[in-house]
Engineer: 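The structure follows.
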Amino acid sequence: FAQDEYHLLNNRMTIDAGVRMDKKHYNNSPVTGAAVDEWAKETWTGALGASYKLTDMFTITGRYAYSENSLSSNQVSSDGSSLPPEKRSRFEAGVLANIHPFFNPWITGYYYDTKDQKVSTTGTDPNTGATVSSYIDPVTGEEVNFVTAANVITKGVEAGISGNIFKPFTYRLQYTYVTTNDAATNDSIAHHLVSATVGYRYKNAFANLSYRYVGPHDRSSSPAGIIYYELGDYSRLDANVGYNFKILDRDTRITVYGKNLGNKHYATRYVTGAYRDPGFQIGAELALSFF
């Protein structure tokens, strides 16, 4: 990848651009598990963005990005044919207001035009002969999804506020709405997302609390396409506290964390059954820097 950034007009305007290419090599087939020696088709992403400070308070932003992606390792077409690469153009525009250190709202609208996006379809399970939308490969144990290509328009808006409260406290609130013109894709995504974080730092100590709400998915079909299961519509709360110090002159951090404090066993996927979150978890982490 390569990227750069330029500041113009006495730093009132910023322009940035970047390009990235990824190419993956397989020693084993991600679908069959058989030994192979092959390179996947490369994927490309390029982006150009700009921001302009209208006043000391208001800044406008804009961004265009283009990407190309071939099939993922767990996707196959229903007839075994090769599908064209996915070509996505992304347009984003937003406004940021620096009203006060404790109150900085923003709003961003986006429009994605994706040619040959991979969307769910049905095919024949090679193990059972049944018509399904996905199956579990007996060799790799991985889920394989049948997909086809469709032109999909994705639209959405993101709004939020962030800032500092009495300096040690920081917060960020965000709401996102997204929708598409493809019925199958629209059914499989949550249209409403809400997130909030509150952080505290005092000298070497820190603490964070985060909240996330994922709206309901309209439905999620079983592999056979005859059972529907409601997903999403859950809230999750996570927290951590920690302390930075030194051991033998090396930067060290100890963190104690709690995940899913509400012990919600929400479902995020349905394949041959619902895949549920394990619920409340607690743990500790010790990190030591050697460089």
Side-chain angles (χ1 to χ4, degrees), residues 18-22 24 30-31 40-49 61-94 107-123 131-135 142-159 174-195 213-226 228-233 267-271 275:
V19 62
R20 172 172 176 156
M21 188 274 282
D22 293 271
K24 183 181 293 185
V31 176
K41 183 175 175 56
E42 63 274 2
T43 61
W44 289 91
T45 302
L48 175 65
T61 62
R63 180 169 296 277
Y64 170 76
Y66 176 81
S67 61
E68 288 190 10
N69 293 287
S70 54
L71 280 176
S72 298
S73 60
N74 65 332
Q75 295 177 328
V76 294
S77 62
S78 58
D79 59 3
S81 62
S82 176
L83 295 175
E86 180 179 284
K87 302 179 179 66
R88 174 174 293 177
S89 291
R90 298 183 293 173
F91 303 88
E92 300 179 6
I107 185 169
T108 300
Y110 55 90
Y111 180 94
Y112 296 171
D113 183 359
T114 309
K115 308 298 183 185
D116 297 316
Q117 180 170 320
K118 305 308 177 288
V119 299
S120 179
T121 188
T122 57
T131 299
V132 296
S133 59
S134 64
Y135 65 91
E142 298 293 327
E143 178 187 351
V144 180
N145 298 291
F146 286 111
V147 294
T148 188
N151 295 337
V152 179
I153 300 296
T154 302
K155 296 180 289 185
V157 63
E158 177 182 285
Q174 182 173 308
Y175 168 75
T176 302
Y177 174 78
V178 60
T179 186
T180 80
N181 67 338
D182 181 79
T185 302
N186 223 37
D187 285 346
S188 65
I189 62 174
H191 299 285
H192 304 277
L193 301 169
V194 178
S195 64
Y213 169 76
V214 177
H217 305 203
D218 289 342
R219 65 187 182 185
S220 178
S221 66
S222 67
I226 57 175
Y228 297 95
Y229 196 94
E230 296 295 329
L231 301 174
D233 196 18
T268 55
R269 292 175 58 208
Y270 188 97
V271 184
Y275 283 65

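Starting from 1, each residue takes its place in the sequence as its number.
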Engineer: Can you tell if the side chain of Thr131 reaches within under 4.5 Å of the side chain of Phe146, non-hydrogen atoms only?
Structural biologist: no
Engineer: Taking 4.0 angstrom as the limit, do Asp22 and Lys24 come out as a salt bridge?
Structural biologist: no
Engineer: May I ask you to test the Thr61-Glu92 pair for a side-chain heavy-atom distance under 4.5 Å?
Structural biologist: no
Engineer: For the atom pair OG1 (Thr114) and NZ (Lys87), what is the distance rounded to the nearest 0.5 Å?
Structural biologist: 11.5 Å
Engineer: OG1/Thr176 to CD/Glu158 distance, rounded to the nearest 0.5 angstrom?
Structural biologist: 4.0 Å
Engineer: Provide the closest heavy-atom pair for Val178 versus His191 in the form atom of the first, atom of the second, distance.
Structural biologist: O-ND1, 2.8 Å
Engineer: So, taking the atom named CZ in Phe91 and the one named CG in Asp113, what distance separates them when rounded to the nearest 0.5 Å?
Structural biologist: 7.0 Å
Engineer: Which pair of heavy atoms, one from Arg90 and one from Thr45, lies closest together, and at what distance?
Structural biologist: NH2-CG2, 4.3 Å
Engineer: Drop me the distance from Thr108's OG1 to Gln174's CD, to the nearest 0.5 angstrom.
Structural biologist: 9.0 Å
Engineer: Can you tell if the side chain of Thr148 reaches within under 4.5 Å of the side chain of Val119, non-hydrogen atoms only?
Structural biologist: yes
Engineer: Compare all side-chain heavy atoms of Val152 with those of Asn181 and state whether any distance is below 4.5 angstrom.
Structural biologist: yes
Engineer: What heavy-atom pair brings Arg63 and Ala47 nearest, and what distance separates the two atoms?
Structural biologist: NH1-CB, 4.0 Å
Engineer: Can you tell me how far apart NZ (Lys115) and CD1 (Ile153) are? Round to the nearest 0.5 Å.
Structural biologist: 6.0 Å
Engineer: Is the shortest side-chain heavy-atom distance between Leu193 and Val214 below 4.5 Å?
Structural biologist: yes
Engineer: Any idea which heavy atoms bring Val194 and Tyr175 closest together, and the distance?
Structural biologist: CG2-CD1, 3.7 Å
Engineer: Using only atom types and a distance under 3.5 Å, with no angle test, would you say the side chain of Asn151 pairs donor to acceptor with the backbone of Asp116?
Structural biologist: yes
Engineer: Without hydrogens or angle criteria, can the side chains of Tyr135 and Asn145 be said to hold a donor-acceptor pair below 3.5 Å?
Structural biologist: no
Engineer: Between the main-chain N or O of Tyr213 and the side-chain N or O of His192, is there a donor-acceptor pair closer than 3.5 Å?
Structural biologist: no
Engineer: Within a strict 4.5 Å, meaning less than it, do heavy atoms of the Gln117 and Thr185 side chains meet?
Structural biologist: yes
Engineer: So, taking the atom named CG in Asn69 and the one named CZ in Arg88, what distance separates them when rounded to the nearest 0.5 Å?
Structural biologist: 8.0 Å
